[in-house]
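Notes follow the structure.
Order of the sequence lines sets the chain letters (A, B, ...), proteins ahead of strands, with each chain counted from 1.
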There are 2 protein chains.
Amino acid sequence: MDPTSNPLDRLLEISELFRADMARAFEGTGLTAARTHLLWVLAGLGPSPQQALAGAMGVSARNITGLVDALEAAGYVKRSPHPTDRRATIVSLTDAGEVTMSDMARDHANLSTNLLDAVDPADRAALSRGLDAIATRLRALIQEEADAAAVIR
Amino acid sequence: MDPTSNPLDRLLEISELFRADMARAFEGTGLTAARTHLLWVLAGLGPSPQQALAGAMGVSARNITGLVDALEAAGYVKRSPHPTDRRATIVSLTDAGEVTMSDMARDHANLSTNLLDAVDPADRAALSRGLDAIATRLRALIQEEADAAAVIR
DNA sequence: TATTGTTATACTCTATAACTATA
DNA sequence: TATAGTTATAGAGTATAACAATA
């Protein structure tokens, strides 16, 4: 992860830079990476019960309770009763939350454009294909490992 | 971070896959991402006082105390007195820690090779150049933001 | 007076298990 | 009997502040 700067290491460096930059950007907003992830998922799904969010994010229901508590206190989301199932709670973005999400989507798009602009136009298609190939191979390797682990169990 | 699969989003997806895969690989080893990061830094610097590790990792001294406690209990590192400064503690890899790190370096190299092999040879140079350009631009943007924040202060 | 590492305290993310209210 | 969400409890990573020993 540190030395011998091959493309993979550079890729990991870039993701580190993203992470650090995000953490800095959240200062004073009441947001964190985990809370923002929930907002992205919620923006994608639309108003959802907490169980659906837990499934979509791959975390425990207990975790969702905590994240929604914090986001509700900060004014980004609200809870309302499920119309037919009285056990369930529907989480949705507040108006302020909607504004925050469209700002974020805009910033994200601008950053993408800005970073792509730094790449030689002649290299862009190959970059895209290369990243696709790496992601596909990596997904396959992880699947293999999961299958191997399942056999052991 | 979720939809519209442009190269940047694919890049973030790849880093997510790495992270999830690593977490799985650590099960039962007593290691975590943060502890492994310390081991990488320590392997790079050689035996070091905790302050040096804190500086190199960009975290607080308190945090290093906790990570070294855990790594020492698991047998990966040991503490010894600094030869001349009696305030300081020197952290170094144990024999078991050295073995773990060379295994990890080997696995990391194999994975890099494996993933690069998935990329069309004709695309590899452009991929490398593209990632370099993106990393450079991103570093510059972060520096700009840091400078702007410094002016405000 | 400044620095090294630790203790004290606190916040966030995460998990499992037990419990309540409902299906 | 099963499911949705909460409370209880716990562990990991992180931070700041106060403190002891040493420079």
Side-chain angles (χ1 to χ4, degrees), chain A residues 16 19-20 22-42 45 47-74 76-92, chain B residues 16 19-20 22-42 45 47-74 76-92:
Chain A
E16 269 313 295
R19 202 119 49 95
M22 241 189 303
R24 201 201 43 68
F26 290 149
E27 277 169 23
T29 63
L31 290 176
T32 63
R35 291 173 196 171
T36 304
H37 184 197
L38 191 151
L39 291 181
W40 275 105
V41 170
L42 186 55
L45 295 178
S48 310
Q50 298 186 186
Q51 283 293 334
L53 297 174
M57 293 176 64
V59 300
S60 66
R62 175 61 185 92
N63 199 344
I64 299 294
T65 298
L67 295 174
V68 171
D69 284 351
L71 288 166
E72 198 176 28
Y76 294 101
V77 306
K78 57 177 185 287
R79 284 177 164 107
S80 38
H82 189 289
T84 63
D85 185 341
R86 288 197 301 177
R87 295 170 306 180
T89 307
I90 300 292
V91 182
S92 48
Chain B
E16 270 312 297
R19 202 118 49 97
M22 242 189 303
R24 200 201 43 68
F26 290 150
E27 277 169 23
T29 64
L31 290 176
T32 62
R35 292 172 194 172
T36 303
H37 184 197
L38 191 152
L39 291 180
W40 274 105
V41 169
L42 187 55
L45 293 179
S48 310
Q50 296 186 190
Q51 282 295 333
L53 297 173
M57 293 175 65
V59 301
S60 66
R62 175 62 185 90
N63 199 345
I64 299 294
T65 296
L67 296 174
V68 172
D69 284 350
L71 288 167
E72 198 176 28
Y76 293 102
V77 306
K78 57 178 184 289
R79 284 178 165 107
S80 37
H82 189 290
T84 63
D85 186 340
R86 289 197 302 177
R87 294 171 305 181
T89 307
I90 299 294
V91 181
S92 48

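- For the segment residues 66-74 of chain A, no residue has any heavy atom less than 4.0 angstrom from an atom of DNA chain D.
- Shown here for B:His82 and B:Asp85, the closest heavy-atom pair between the two residues is ND1-N, 3.0 Å.
- Contact check, B:Gln50 against C:dT4: no side-chain N or O comes under 4.0 Å of OP1 or OP2.
- Contact annotation: B:Asn63 does not reach the phosphate of D:dG13 (side-chain N/O to OP1 or OP2, under 4.0 Å).
- Scanning all heavy atoms of the two residues, the minimum distance from A:Thr29 to A:Tyr76 falls at O-OH, 2.6 Å.
- Distance A:Glu27 CD to C:dT12 P: 14 Å, rounded to the nearest Å.
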Using the 3.5 Å cut-off, write out each protein N or O paired with an N or O of nucleotides 17-19 of chain D and the distance between them.
none

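- Closest of all the heavy-atom pairs between B:Ser92 and B:Leu42 is C-CD2, 4.0 Å.
- When side chains are defined from C-beta on, A:Val91 does not count as touching A:Leu71, because their heavy atoms never get closer than 4.5 Å.
- Remark: A:Ser60 is not in phosphate contact with C:dT14, judged by side-chain N or O atoms under 4.0 Å from OP1 or OP2.
- Of the residues in residues 80-90 of chain B, those lying under 4.0 Å from DNA chain D by heavy-atom distance are B:Thr84, B:Asp85, B:Arg86, B:Arg87.
- When every heavy atom of B:Phe26 is checked against every heavy atom of B:Thr32, the shortest pair comes out as CE1-C, 3.4 Å.
- The separation between B:Phe26 atom CZ and C:dA15 atom P is 17 Å, rounded to whole Å.
- Within the helix from C:dT1-D:dA23 to C:dA23-D:dT1, the inter-axis angle between the opening and closing five-pair segments is 20°, rounded to 10°.
- In this entry the distance linking CD1 of B:Ile64 with C1' of C:dT7 reads 17 Å, nearest Å.
- The shortest side-chain heavy-atom distance between B:Gln51 and B:Arg87 does not fall under the 4.5 Å cut-off.
- Here B:Arg79 reaches the OP1 or OP2 of C:dT6: one of its side-chain N or O atoms lies under 4.0 Å away.
- In this structure, A:Glu72 and A:Arg79 approach most closely via the heavy-atom pair OE1-NH1, 2.7 Å.
- Annotation: of the two residues near DNA chain C, A:Leu31 and B:Pro49, the 5′-most nearest-nucleotide partner is B:Pro49.
- Counting heavy atoms from C-beta on, the side chains of A:His37 and A:Leu53 never come closer than 4.5 Å.
- Across A:Gly30 and A:Arg35, no two heavy atoms sit closer than the pair O-NH1, 2.9 Å.
- Using a 4.0 Å cut-off, no side-chain N or O of B:Thr65 falls inside it from OP1 or OP2 of C:dG5.
- Distance, B:Leu38 CG to D:dT14 C1': 14 Å, rounded to whole Å.
- For the side-chain contact (heavy atoms from CB on, under 4.5 Å) test, residues two or more places apart in sequence or in another chain that qualify with A:Ala52 are A:Ser48, A:Pro49.
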Using residues 57-68 of chain A as the side-chain source, report each donor-acceptor pair under 3.5 Å to any protein atom, sequence neighbours left out, with the distance given to one decimal.
unit_1, atom_1, unit_2, atom_2, d
A:Ser60, OG, A:Asn63, N, 3.2
A:Thr65, OG1, A:Ala61, O, 3.4

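- Side chain of A:Gln51, nearest nucleotide from D:dA12, D:dT14, D:dG5: D:dG5.
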